[in-house]
Amino acid sequence: MASSASSLGADLRERPDRYVGFLEGAPRLMPGLETDVAGHIVVRDVFLPSAVLPTALFLVLHGCPYFERWVTGPVPEQHLCDRPRNRPTRTALGVAAVSAYAVLLMAGGQDVLVRVFDVRLEMLTYSFRADLFVVPFVAYHATKRACLGLQAADRRRLMEGRAATEARRTTEGGYQGAKTLLPAAEVSRILVRDEPRSRAHGTEAWRWFHRQRTEAVRATPGAEAADDT
């Protein structure tokens, strides 16, 4: 009993912490690569996922705020928590990064998954290798389309208003639900998204960051009244 408990404790101590689990999964997915440089063998399948990957990760994490400020420009009114739908590219990149991290984290426990689900280790390894490229790609485009769809829904609400609790008769003799303008607080929450001209305005980086963005247009009371007549 004591020997089994000690073996269990040793097994648990060998598991990496969850926040560095991706560093355990990356070497497991890296194919074997070696290079002979001046008589010295450089084992790239260990160096790339264990040294280059975390270095690149921290460089990207620290460089993203400066890159985004260069693209979007200085903002006079800074919000700590922007609505994700109003920043579709940033939101999509974040979801893609989290999905890639999740794949590496799952790959770090592939031995446990093999034992639990009774699958072949080689099949699981190749599946994770494919997922490392497919899952972030799908997550990026799905998230961006969702953000643009939510922006379009906000635009329709601004232009058409919200449904009222009454029906009005049309000129053709039928009936349709009445619409009322949104409250000022809700309109302000949707429309606070103006950005000044940035230093990167007009560049390819600026176009990529802002393309396919749905512009919000507020309906006017006169237009609403004209629609009701």
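We number each residue from 1, following the sequence as shown. Side chains included, hydrogens not; waters and symmetry mates left out as well; all remaining heavy atoms used.
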- Message: Tell me the closest heavy-atom pair linking Pro49 and Leu23, and the distance in Å.
- Response: O-CD2, 4.0 Å
- Query: Is the count of non-hydrogen atoms from other residues, nucleotides or ligands lying under 6.0 Å from Met106 atom CE greater than 12?
  - Reply: no
- Task: For Gly21 and Leu105, work out which heavy atoms get closest and say how close.
- Result: CA-CD1, 3.6 Å
- Item | Connected via hydrophobic side-chain network under 4.5 Å: Val112 and Met123 | yes
- Item | Distance in Å, Leu148 CG paired with Arg85 CZ, rounded so as to fall on 0.5 Å steps | 11.5 Å
- Going from CG on Asp131 to CG on Leu104, what distance comes out if it is rounded to the nearest 0.5 angstrom? 10.5 Å
- Message: If I compare all heavy atoms of Ala96 with all of Ser99, which pair ends up nearest, and what's the gap?
- Response: O-OG, 2.6 Å
- Item | side-chain contact (heavy atoms from CB on, under 4.5 Å) against Ser50, all qualifying residues, sequence neighbours excluded | Pro27, Val46
- Are Asp111 and Arg28 close enough that some pair of their side-chain heavy atoms sits under 4.5 Å apart? yes
- Item | hydrophobic_cluster_shared for Phe137 and Val135, side chain cutoff 4.5 Å | no
- From CG (Leu29) to CD (Glu24), nearest 0.5 Å: 10.5 Å
- Item | side-chain hydrogen bond (donor to acceptor under 3.5 Å, both in side chains) against Arg129, all qualifying residues, sequence neighbours excluded | none
- Minimum heavy-atom separation for Gln110 to Leu124, with atom names? O-CD2, 3.6 Å
- Quick one: closest heavy-atom pair of Ala139 and Thr143, and the distance? O-OG1, 2.7 Å
- Message: Holding to ring pair (Phe, Tyr, Trp, His ring centres under 6.0 Å), I want the full list of residues that pass it with Tyr126, two or more places apart in sequence or in another chain.
- Response: none
- Item | Linked, directly or transitively: Val114 and Val116 (ILVMFWY side chains, under 4.5 Å) | yes
- Query: What are the two closest heavy atoms between Phe128 and Val103, and how far apart are they?
  - Reply: O-CG1, 3.7 Å
- Task: Using the rule that two of Ile, Leu, Val, Met, Phe, Trp, Tyr join whenever any of their side-chain heavy atoms come within less than 4.5 Å, decide whether Val98 and Phe58 are in one cluster.
- Result: no
- Item | Hydrophobic cluster membership, Leu121 vs Leu113, 4.5 Å side-chain cutoff | yes
- Report the C-alpha separation of Lys144 and Thr89 in whole Å, then their side-chain angles, then the decisive distance to 0.1 Å, and conclude whether the side-chain hydrogen bond (donor to acceptor under 3.5 Å, both in side chains) test is met. CA-CA 6 Å; Lys144 191 164 187 177; Thr89 302; 3.3 Å; yes
- CA sep, side-chain torsions, deciding dist, call: Tyr140, Leu93, side-chain contact (heavy atoms from CB on, under 4.5 Å): CA-CA 6 Å; Tyr140 173 85; Leu93 288 174; 3.8 Å; yes
- Item | Gap separating the OG atom of Ser127 from the CD atom of Glu122, nearest 0.5 angstrom | 11.0 Å
- Message: So Leu53 and Leu48, do their side chains get closer than 4.5 Å, heavy atoms only?
- Response: no
